[in-house]
Amino acid sequence: QVQLVESGGGLVQAGGSLRLSCAASGLTFRSYSMGWFRQAPGKEREFVARINWIGGNIVYADSVKGRFTISRDNAKYTVYLQMNSLKPADTATYYCAADRGSIRGVETVDYWGQGTQVTVSS
């Protein structure tokens, strides 16, 4: 079955960096657009970034633009999220997402990972 396994979360001070990874299995990775979402306590899950099957058409949420970078390695079946200049407002559980089409929102995602916690202290 399809599995998306995130790693790389943790506790970091404001201004620091983390790199999240999402390893996919059970699907033809290069056929899927990939993305990252996040959910803070008491809030709805929100879009962070997406990348198409060939590594193009990259889109970021305004709140992370210029600080986060999404990338993928189709040979390793892995998508990454490099997060720099982290802020306390970035604290959330980060979820990897896969979609056969274009990732447009929470409701259209085909597969989700289990999430990895990112906590940014002030």
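For residues 71-80, no residue pair satisfies the salt bridge (Lys or Arg N to Asp or Glu O under 4.0 Å) rule, not counting sequence neighbours. Residue pairs meeting the salt bridge (Lys or Arg N to Asp or Glu O under 4.0 Å) criterion with at least one member in residues 108-122, sequence neighbours excluded, do not occur. Listed by first and then second residue, the ring pair (Phe, Tyr, Trp, His ring centres under 6.0 Å) pairs that reach into residues 81-109 come to none, sequence neighbours excluded. Among pairs with a residue in residues 50-90, none fulfils disulfide (SG to SG under 2.5 Å), at least two apart in sequence or across chains. Applying the ring pair (Phe, Tyr, Trp, His ring centres under 6.0 Å) test to every pair with at least one member in residues 1-21, sequence neighbours left out, gives no pairs at all.
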Could you list the donor-acceptor pairs under 3.5 angstrom formed by side chains in residues 7-34, with sequence neighbours left out?
| unit_1 | atom_1 | unit_2 | atom_2 | d |
| --- | --- | --- | --- | --- |
| S17 | OG | N84 | OD1 | 2.9 |
| S33 | OG | G101 | O | 2.8 |

Using residues 55-71 as the side-chain source, report each donor-acceptor pair under 3.5 Å to any protein atom, sequence neighbours left out, with the distance given to one decimal.
| unit_1 | atom_1 | unit_2 | atom_2 | d |
| --- | --- | --- | --- | --- |
| Y60 | OH | I70 | N | 2.9 |
| D62 | OD1 | K65 | NZ | 3.0 |
| S63 | OG | R38 | NH2 | 3.4 |
| R67 | NH1 | S85 | O | 3.0 |
| R67 | NH1 | D90 | OD2 | 2.7 |
| R67 | NH2 | S63 | O | 2.8 |
| R67 | NH2 | D90 | OD1 | 3.0 |
| R67 | NH2 | D90 | OD2 | 3.4 |

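With sequence neighbours excluded, no residue forms a side chain to side chain donor-acceptor pair (under 3.5 Å) with R50. In this view, F47 and F37 satisfy the ring pair (Phe, Tyr, Trp, His ring centres under 6.0 Å) rule, not counting sequence neighbours. Partners of A89 under the side-chain contact (heavy atoms from CB on, under 4.5 Å) rule, at least two apart in sequence or in another chain, do not exist in this structure.
The hydrophobic cluster containing I54 also includes W53, under a criterion of side-chain heavy atoms closer than 4.5 Å among ILVMFWY residues, counted directly or through chains of members. In this structure, V5 shares a hydrophobic cluster with no other residue, the cluster being traced through Ile, Leu, Val, Met, Phe, Trp and Tyr side chains under 4.5 angstrom apart.
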